[in-house]
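The block underneath contains the structure these notes are about, expressed in structure tokens.
Remember, it's 1-based here, ligands and their atoms both numbered in the order they're listed.
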Amino acid sequence: MGRIDHHEKICTLQTYLLGQGPSDRVIDRSVRKIINGVAVASKMISREVSRIGLSDLTGETGTINVQGEMVQRLDIYSEKVISEAMERTSSLCCMVSEESAEILTFPDASRKGEYVLLFDPLDGSSNIDVNISTGTIFSIQRRVTKQGVGSLEDCLQKGSSQVAAGYVLYGASTMLILTLGKGVAGFTLDISIGEFILTHPEIKIGHAPTKAYSVNEANYSGWSDNQKLLIRTIKGLENGEAYCTTSRYVGSLVADFHRTLFKGGFFAYPADGKNPNGKVRLLYEAAPVAMICEQAGGRASTGEESILNVVPESLHCRVPVYLGSRSLVDLTDKVLKS
Ligand code: FBP
């Protein structure tokens, strides 16, 4: 009898959301439609990312977005395919995208939608044309207003009320990491059948012996004394005891967080002279990643409070980010408050 092929026991994203996988929890129909919609759009983005250099989606559009960043063609393509997939779900009252200054709504569908999607269509886009990993990050909130098209009130909710959060990593393989508030699961895209297959049913933050710290040290001169003390302490320069024995920095939040999730360690984007509130956006970058991190047994802090407790001030507001293994984020809070 031949080797049993793993795929004969496959659990796809759809079957997982229908409670036919390891968890028998059936997810709300609208949330299922939204997550499946993001999954379909991310397959299209994955195809285009893997064809960079071959397609006319390479390079910049020549326009600057609300963040003051040069917009890449793939940023716009990614926002478009996600928006079109979401319109077909009729489950959203509105959306917030990193690439759009204002709230996005659909003329007809928005009225019926019970949820809000907040997303970064292509994170790390400055790495696209050098073929380094990028990603799509998403957060789903239940609307708070009663009816009609969604409003600012529906968007500016704390991370602690997220119904679901996830990201898709466009790396050596394309992976979707998802939490629905009860643990974290990972799915790998099998391009031979075009399905996200459950490959990591229960992700817990890693405990690799050689933990990496991940921060852009080029910003060091703009850090406060306590922030400098924190990084020196982690590197063992303060008392000779290194908490992390190596450093890694890709410059794509999704890629740097994914490694931290699977191997343990520490990722930070502190506030600094250039970025007084840090660089990472709260609603569609920090909050979803923080929910995944904490659901996997890690911690996510601004240095003052849990990222999930921060009250958003505006659609594109930023927060300082310190996340990863509990012990390292506990150390962060202790040093930064000292
Ligand atoms: P976008 O690419 O979505 O704008 O995200 C910003 C980002 O690229 C993060 O992914 C990453 O963590 C950070 O900026 C890197 O910033 P820097 O180049 O300043 O280190």
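Around the NZ atom of Lys263, the shell of radius 6.0 Å holds no more than 12 heavy atoms that belong to other residues, nucleotides or ligands. More than 12 heavy atoms of other shown residues, nucleotides or ligands fall within 6.0 angstrom of atom CZ in Arg47. The number of heavy atoms from other shown groups lying within 6.0 Å of CD (Glu102) does not exceed 12.
Between Arg232 and Glu241, no side-chain nitrogen of the basic residue sits less than 4.0 Å from a carboxylate oxygen of the acidic one, so the salt-bridge criterion is not met.
Less than 4.0 angstrom separates some heavy atom of Glu69 from each of these atoms of ligand 1: 4 (O). Near Asp120, meaning under 4.0 Å from one of its heavy atoms, ligand 1 places the atoms 3 (O).
Looking only at heavy atoms of the protein, atom 2 (O) of ligand 1 is closest to Gly124 N, 2.7 Å. With hydrogens left out, the protein atom closest to atom 12 (O) of ligand 1 is Leu253 N, 3.3 Å, a heavy atom. Given atom 16 (O) of ligand 1, the protein heavy atom at minimum distance is Lys279 NZ, 3.0 Å. Of all protein heavy atoms, the one lying nearest to atom 11 (C) of ligand 1 is Gly251 O, 3.4 Å. Of all protein heavy atoms, the one lying nearest to atom 20 (O) of ligand 1 is Tyr249 OH, 2.6 Å. Remark: minimum distance from atom 19 (O) of ligand 1 to any protein heavy atom is reached at Tyr269 OH, 2.6 Å.
Under the 3.5 Å distance criterion, the side-chain polar atoms of Ser224 are matched with a main-chain donor or acceptor of Gln227. The closest donor-acceptor contact from the side chain of Ser55 to the backbone of Leu57 lies under 3.5 Å.
Under the 4.5 Å side-chain criterion, counting only non-hydrogen atoms from C-beta, Met95 is in contact with Met86.
Only the side chain of Arg281 comes within 4.0 Å of ligand 1, counting heavy atoms alone; its backbone N, CA, C and O stay farther away. At a 4.0 Å heavy-atom cut-off, ligand 1 touches Asp123 through backbone and side chain alike. With a heavy-atom cut-off of 4.0 Å, Ser125 touches ligand 1 through backbone and side chain alike. For Gln67, no heavy-atom contact with ligand 1 is shorter than 4.0 Å. Under 4.0 Å from ligand 1, the heavy atoms of Asn216 that appear belong solely to its side chain.
Relative ring orientation between His316 and Tyr284 is described as perpendicular, the plane-to-plane angle rising above 60° on a 0-90° scale split at 30° and 60°.
No N or O atom of Ser252 sits closer than 3.5 Å to an N or O atom of ligand 1. Residue Ser126 places no N or O, backbone or side chain, under 3.5 Å from any N or O of ligand 1.
Rounding to the nearest 0.5 Å gives a distance of 5.0 Å between OH of Tyr167 and CG of Leu261.
Connection of Ile177 to Leu323 is established within a shared hydrophobic cluster, with ILVMFWY side chains joined at heavy-atom distances below 4.5 Å, either directly or through further cluster members.
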